Amino acid sequence: MKLRYYLLNFLVILSPLTSINPSLFANNDLNESFLFFSIPTSTHESPQYIPESVGLNSLKLNQIELIVLEGIRNKAFPGCQVVVLKNGKSVYNKAFGTFTYESSQKITTETLFDLASVTKTSATLLAVMKLYDEGRLKLTDSASTYLDFLKNTDKQNITITDVLFHESGLPAYLPFYKSAVEAIPLSRDSENLPKPTVTMSSKTLQYKADLVSKKPDSVFNIQLGDSFYIHKSFHEAAMQRIAETKLLEKTYRYSCINFISLKEIVEKITGTSMDQFLDKEFYKPMNLTSICYLPLRTHSQENIAPTLKKEELRTGIIQGWVNDPAAAFLGGVSGNAGLFSTATDLASLYQMLLNKGELNGRRYLSTATCELFTQTLSSSGHRGLGFDKPRPDKPNSNPCGASAPIEVYGHTGYTGTCVWVDPVNQMVYVFLSNRTYPNDGPNKLSTLSIRPRIHEIIYQAMKK
C-alpha cells in the first residue's frame, strides 16, 4: 500500500511532464477524467487549459489528487468531483472514487451530487438577487410583508437582511417530520403506511394515516422517496410551526429556517415554484443541464451519487432524493437544501457571479446587485448577504484555505460539498462528495480538513 502511495505521488509530480496518467496506477481508489489539453469532458463543459497558461503551477495543483486519495483511503467519502476555474478557464476537472465503498461504479464528471446547503446560495439566494435586481423585493422589507403566517407574531418585523445575515432570531432547524408521526399504534390496518416506523427519543413511532401514504393520489401528492407520499396539507402545517415557534435572540445563528422562509417569499412574489423560476431565469439559459431539484424527474438514478444507506424516516438507500429531512418533508424543493448538480455546472454558475452577472455574452444579474450581495459583510463578521465568508481569525473553523482573502464568498454543504469564489484572484473552486454515505456519523471529511486543504493547494499553486 505504501509503495503504491509513493509511486502515485511520484507519478502525480511527473505527469505534467509526460503523457503518464497517474490514476491508472491507483486501482479503484481513483477515476481519472481529466486531460491537460483542450479536450472537453462533457457536452456543455468548457475546454481544459494548461494551468501554466493562467499562472498556476501544475506540479503543485496535482497535489490535490493526493489529498483526495487520503480522504478515500480513510473513508471520509466514497467519491468526489473537484473543479478549479482560473480567469474563466477550466484548469482542473477530475472525478475520483466510486458511488459507494462496496460499489465498482466509478464517479465521473457527469455524476450528480446532492448539494445540501450549497443550495442556499446556488438556488434560493440567486432567486432573491434576481427579485432584488428587478425591484420586486427590498432588503429592508419585512418577511411578513409576503408571508401571511408571520403576521401578528413575534416574527412580523424580521427583515430580508436579517434573514440573509442569519440574524433573524429564527431557530437553526425544525424537525417537521414530527408532525407526521404518533407514538400510539394505529388501531386499524396500516398496510398503506410507509415502512419502517420511526424511532425517536427511545420510542417507536408510526406515521399518521391521514398524513402519509405509500401510494399517490390527488391529496397524497408530495413524494419524499420510493413509495412514500405526504398529504398536500403538510406544507401549510410546517409553515404554521415556524410561525408558532418562539423567536430567539436576534444574534448570529446559522439557520436553515431562514432560507426555507426565503423560498416561500420567492414563490409568493413570482407566483410560481422556485425550481421553475430558477430554470427559466438561470439554469436553462445557461445550458446547465445537471443543476436541478428533484433530479429523478430528468436524470437516471444510476447517475446520482447516494447519500445514505439507511435512514429512519424513509425506506432504503437515499439516492436521487434530498438527504436533508426538512427539505424532504417539504417536497424536495426547499430553500435550505434539495438542489443537485455536477461540479462542472456548479462552477459555471458561480463564474457568472464572478463575472458580476454575465456569462457567455448574456447578462443574468446587474453588476450592482452582484457587488452588493457578494461584497457586503454583516457587522458580526460571520456572513455576507447569504454567502459564507472565510474566517482567517479562527483557523480551526475556517472553511476556506488559509491563504483565501477576505473577499472570498461561497458556501459549504452537509453532504460534503463546497464552492468558493475568489474575486481577487479570479478563481472558482468546487468540491462535491457524498461523505454521508453509508451514514452521516463521524465527519472525517471535516476532521481531515479535506476541503480547505485542497483550497490552500490552489493558492500555493498561484505562488511564483
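Positions are given from 1 along the sequence. Quantities reported herein were computed from a predicted structural model and do not represent experimental measurements.
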- From I458 CD1 over to L61 CG, what is the distance, rounded to the nearest 0.5 angstrom? 6.5 Å

- Message: Closer than 3.5 angstrom, by distance alone: can the side chain of T417 be matched with the main-chain N or O of L115 as a donor-acceptor pair?
- Response: yes

- Counting heavy atoms not belonging to N443, are there more than 12 under 6.0 Å from its CG? yes

- Task: Could you please spell out the steps behind the side-chain contact (heavy atoms from CB on, under 4.5 Å) verdict for I265 and L137?
- Result: CA-CA 9 Å; I265 291 172; L137 173 150; 3.9 Å; yes

- Query: Do V428 and V84 come within less than 4.5 Å of each other through their side chains, counting heavy atoms only?
  - Reply: no

- Within-4.5 Å side-chain heavy-atom neighbours: S334 and F259: no

- Message: Looking at E267 and M274, would you say the former's side chain and the latter's main chain have a donor-acceptor pair under 3.5 Å?
- Response: yes

- Salt-bridge present (D388, R391; N to O < 4.0 Å): yes

- Within residues 125-155 or reaching into it, pairs that qualify as ring-ring contact (aromatic ring centres under 6.0 Å, His included) - sequence neighbours excluded: Y132-F373

- Do Q351 and N355 meet the criterion of a side-chain donor-acceptor pair at a distance under 3.5 Å? yes

- d(L339 CG, S122 OG) to nearest 0.5 Å is 6.0 Å

- Going by atom types only, do T251 and E249 share a side-chain donor-acceptor pair under 3.5 Å? no

- Message: Any side-chain to backbone donor/acceptor pair from N87 onto K89? Under 3.5 Å, distance only.
- Response: no

- Message: Once rounded to the nearest 0.5 Å, what's the spacing between atom CG of D422 and atom OH of Y429?
- Response: 13.5 Å

- Begin with the C-alpha distance, continue with both residues' side-chain angles, and end with the deciding distance and a verdict on salt bridge (charged side-chain N to carboxylate O under 4.0 Å, His left out) for D133 and K130. CA-CA 5 Å; D133 212 16; K130 186 68 175 178; 5.2 Å; no

- Using a cut-off of 6.0 Å, state whether more than 12 heavy atoms not belonging to Q240 lie near its atom CD. yes

- Could you tell me whether the side chain of T436 and the main chain of T415 form a donor-acceptor pair under 3.5 Å? no

- Determine whether the side chains of Y414 and D114 contain a donor N or O and an acceptor N or O closer than 3.5 Å. no

- Message: If only side-chain N and O atoms count, and only distance matters, is there a donor-acceptor pair under 3.5 Å linking T121 with Y409?
- Response: no

- Message: Tell me if a side-chain donor or acceptor on K389 pairs with a main-chain N or O of I406 at a distance below 3.5 Å.
- Response: yes

- Query: Do any pairs count as a salt bridge (charged side-chain N to carboxylate O under 4.0 Å, His left out) and have a residue in residues 355-378, sequence neighbours left out, and if so which ones?
  - Reply: K356-E371

- Are the side chain of Q223 and the backbone N or O of G225 linked by a donor-acceptor pair below 3.5 Å? yes

- Would you check if there is a donor-acceptor pair between the side chains of E456 and Q460 at a distance under 3.5 Å? yes

- Would a distance-only check, ignoring hydrogens and angles, find a side-chain to backbone donor-acceptor pair under 3.5 Å from Y207 to L313? yes

- Task: Inspect the contact between K138 and D141 and indicate whether a charged nitrogen and a carboxylate oxygen are less than 4.0 angstrom apart.
- Result: no

- Consider only side-chain N and O atoms of S117 and K120, and report whether a donor and an acceptor are under 3.5 Å apart. yes

- Donor-acceptor under 3.5 Å (K444 side chain, G71 main chain): no

- Query: side chain to side chain donor-acceptor pair (under 3.5 Å) between T272 and T270: does it pass, once the steps are laid out?
  - Reply: CA-CA 5 Å; T272 187; T270 62; 5.5 Å; no

- Going by an N to O cut-off under 4.0 Å, is there a salt bridge joining K250 and D162? yes

- D154 (side chain) donor-acceptor with L247 (main chain) under 3.5 angstrom: yes

- Message: Could you check whether T369 and S366, counting side-chain N and O atoms only, form a donor-acceptor pair closer than 3.5 Å?
- Response: yes

- Message: Checking side-chain polar atoms at under 3.5 Å, does T159 have a donor or acceptor matched by the opposite partner on T161?
- Response: no

- Note on the structure: Value for OG1 (T108) from CG (N303), rounded to nearest 0.5 Å, stands at 6.0 Å

- Query: Any chance the side chains of H166 and N258 put a donor and an acceptor closer than 3.5 Å?
  - Reply: yes

- Message: In this structure, is the centre-to-centre distance between the rings of F387 and F165 below 6.0 Å?
- Response: no

- Query: Looking just at side-chain N and O atoms, do H235 and E264 make a donor-acceptor pair shorter than 3.5 Å?
  - Reply: yes

- Task: Indicate the ring-plane relationship of F234 and F329, choosing parallel, tilted or perpendicular according to the 30° and 60° boundaries.
- Result: tilted

- Message: Under 3.5 Å, is there a donor on one side chain and an acceptor on the other for Y283 and T289?
- Response: no

- Indicate the ring-plane relationship of H231 and F220, choosing parallel, tilted or perpendicular according to the 30° and 60° boundaries. perpendicular

- Paired with T307, the side chain to side chain donor-acceptor pair (under 3.5 Å) test is passed by just one of N323, N434, N439, namely N323

- Message: Between D324 and Y173, is there a side-chain donor-acceptor contact under 3.5 Å, judged purely by atom types and distance?
- Response: yes

- Item | Pair D275 + K280: basic N to acidic O under 4.0 Å | no

- Decide yes or no on side chain to side chain donor-acceptor pair (under 3.5 Å) for N157 and S142, but give the supporting numbers first. CA-CA 6 Å; N157 295 323; S142 296; 4.8 Å; no

- Please tell me if the side chains of K232 and N221 come closer than 4.5 Å, counting only heavy atoms from C-beta onward. yes

- In this structure, CD of E302 is separated from OG1 of T111 (nearest 0.5 Å) by 11.5 Å

- Query: Under the 3.5 angstrom rule, does the side chain of T124 hit a backbone N or O of G335 as a donor-acceptor pair?
  - Reply: yes

- Query: Is there a side chain to side chain donor-acceptor pair (under 3.5 Å) between Q105 and T98 once you walk through the steps?
  - Reply: CA-CA 5 Å; Q105 183 179 355; T98 52; over 6 Å; no

- Query: Given F340 and H299, is the side-chain contact (heavy atoms from CB on, under 4.5 Å) satisfied, shown in steps?
  - Reply: CA-CA 11 Å; F340 288 71; H299 295 78; over 6 Å; no

